[in-house]
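Each residue takes its place number in the sequence, starting with 1. All ligand and atom numbering here is 1-based and tracks the order in the structure. Just so it is clear, the model here is predicted, and its values are computed rather than measured. Side chains are part of it too, since the values below use all heavy atoms of this structure and drop only hydrogens, waters and symmetry mates.
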Amino acid sequence: MKVIVCIKQVPDTKGGVAFNPDGTLNRAAMLAIMNPDDKAGLEAALRLKDECGAEVTVLTMGLPKATDMLREAYAMGADKMILVTDRVLGGADTWATSSTIAAAIRNLEYDLIITGRQAIDGDTAQVGPQIAEHLGLPVISYTQNLKIEGDYAIVQRQFDDRYHVLKVKLPCLCTALAELNDPRYMTVGRIFDAFDEEVTTWGRANLPTLQDKDMGLAGSPTKIAKASDKVKKGKGTKVNLDAEASVAYLMEQLTSRHVI
Ligand SMILES: Cc1cc2nc3c(=O)[nH]c(=O)nc-3n(C[C@H](O)[C@H](O)[C@H](O)COP(=O)(O)OP(=O)(O)OC[C@H]3O[C@@H](n4cnc5c(N)ncnc54)[C@H](O)[C@@H]3O)c2cc1C
């Protein structure tokens, strides 16, 4: 069984977010980490490797520094690492990103593709389902549990406060939630091995099924019309009332604004 996990390097927002003077994200000032949903997706794939000997390939599209994250994935247990990088791919929106990743995946054999549900920087949750659409595969989003039985994936799909159980014929694509599992740590031996292992690097020339009209900035139908900081809220109103009068005041404010 062959599993491909799409992983994205994202800025770590835990320590706060740094901005450039023009309001864009200052990625250089923030630590880069593996997107949390993707790490859970990788762990799910590694459990399939433990259970049934699945071969796990991690694939990312990004800058050459994303090899650090690929090596982290290798040190956790992944078998193969692929970096898709090329200047002509820069400025990609989700359409161009998913078209490019799908073109890379067409070079590979697979039974199952796992992506994260959502990246913590771009936050659109579009790339996984778009890859599935490009490849003509069924997609199961919000995966909170995943098993393989013969030619089928048995997937628990989160749905509000309950879940659906879906039985889907392979090959298919699942988008993983961070709650799927607790990802394992890297092992010392594999950290050493990861630095000896070759990262397969593909550029535009290695993606024959990708069309020029679907890549990079020119192939991105999304245009950012305007970017701005959040509009600051007003100062608010301070009132000094006893408990009963406070409740009455609050109710009046909320009903007059049609909040309740
Ligand atoms: C006009 C425009 C220009 C942009 N230019 C740039 C740019 O120059 N550089 C830049 O970094 N971003 C750029 N972006 C942002 C970029 O489009 C998104 O980061 C990217 O498409 C992924 O979308 P997302 O972060 O919302 O991912 P989501 O859809 O939320 O991600 C879902 C899952 O898809 C997978 N995935 C997503 N992206 C990747 C990836 N790159 N590699 C592997 N797996 C992935 C992961 O498994 C992830 O968990 C641009 C966006 C726009 C609109």
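The backbone and the side chain of Asp93 each have at least one atom closer than 4.0 Å to an atom of ligand 1 (non-hydrogen atoms only). At a heavy-atom distance under 4.0 Å, no atom of Lys223 approaches ligand 1. Contacts of Asp121 with ligand 1, taken as heavy-atom pairs under 4.0 Å, involve the side chain alone.
Close N/O approach between Ser220 and ligand 1 is not found [any backbone or side-chain N/O within under 3.5 Å]. Taking any N or O of Gly62, backbone or side chain, none lies under 3.5 Å from an N or O belonging to ligand 1. At under 3.5 Å, not a single nitrogen or oxygen of Leu217, backbone or side chain, sits near a nitrogen or oxygen of ligand 1. At under 3.5 Å, not a single nitrogen or oxygen of Gly90, backbone or side chain, sits near a nitrogen or oxygen of ligand 1. Note: an N/O pair closer than 3.5 Å links Thr97 and ligand 1 by distance alone. Considering backbone and side-chain N/O of Ala125, one or more are found under 3.5 Å from N/O of ligand 1. No N or O atom of Ile101 sits closer than 3.5 Å to an N or O atom of ligand 1.
Contact check on Glu197 versus Arg71 returns no salt bridge, with no Lys/Arg side-chain nitrogen under 4.0 Å from an Asp/Glu carboxylate oxygen. Between Lys223 and Asp93, no side-chain nitrogen of the basic residue sits less than 4.0 Å from a carboxylate oxygen of the acidic one, so the salt-bridge criterion is not met.
Nearest to atom 41 (N) of ligand 1 among the protein's heavy atoms is Met61 O, 2.8 Å. Looking at atom 38 (N) of ligand 1, its nearest protein heavy atom turns out to be Lys8 CD, 3.4 Å. Regarding atom 36 (N) of ligand 1, its nearest protein heavy-atom neighbour is Val127 CG1, 3.8 Å. Here the heavy atom of the protein found nearest to atom 2 (C) of ligand 1 is Gly91 O, 3.9 Å. Of the protein's non-hydrogen atoms, the one nearest atom 26 (O) of ligand 1 is Thr124 OG1, 2.6 Å. Residue, atom and distance of the protein heavy atom nearest to atom 12 (N) of ligand 1 are Ala92 O, 4.5 Å. Of the protein's heavy atoms, Asp38 OD1, 3.5 Å lies nearest to atom 48 (C) of ligand 1. Protein heavy atom closest to atom 31 (O) of ligand 1, with residue, atom name and distance, is Ala119 N, 3.5 Å.
The atoms of ligand 1 that sit less than 4.0 Å from any heavy atom of Thr60 are 42 (N), 43 (C). Of all the atoms in ligand 1, the ones that sit under 4.0 Å from a non-hydrogen atom of Thr115 are 47 (O). Atom numbering of ligand 1 starts at 1 in the shown order; those under 4.0 Å from a heavy atom of Asn35 are 49 (O). Distances below 4.0 Å separate heavy atoms of Ile7 from the following atoms of ligand 1: 42 (N), 43 (C), 44 (N). Within ligand 1, counting atoms from 1 as listed, the ones closer than 4.0 Å to a heavy atom of Gln126 are 29 (O). Contact atoms of ligand 1 toward Thr222: 1 (C), 53 (C) (distance under 4.0 Å to a heavy atom of the residue).
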task = Show your reasoning for whether side chain to side chain donor-acceptor pair (under 3.5 Å) applies to Ser99 and Asp214.
result = CA-CA 6 Å; Ser99 301; Asp214 294 327; 4.7 Å; no

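At least one side-chain heavy atom of Leu173 sits less than 4.5 Å from a side-chain heavy atom of Thr175.
Each of Val168, Thr143, Leu180 was scored for a side-chain contact (heavy atoms from CB on, under 4.5 Å) with Cys174, with one residue passing: Thr143.
At a distance under 4.0 Å, no protein heavy atom can be found next to atom 10 (C) of ligand 1.
Residue Asp151 places its CG atom among 12 or fewer non-hydrogen atoms of other residues, nucleotides or ligands, all under 6.0 Å distant.
Heavy-atom minimum distance, Asn181 versus Ala40: ND2-O, 3.0 Å.
Each of Val84 and Trp95 belongs to its own hydrophobic cluster when Ile, Leu, Val, Met, Phe, Trp and Tyr are linked at side-chain heavy-atom distances under 4.5 angstrom.
Judged by the shortest distance from any of its heavy atoms, Asp123 lies inside the 4.0 Å radius around the atoms of ligand 1.
No side-chain N or O of Gln144 forms a donor-acceptor pair with one of Glu179 less than 3.5 Å apart.
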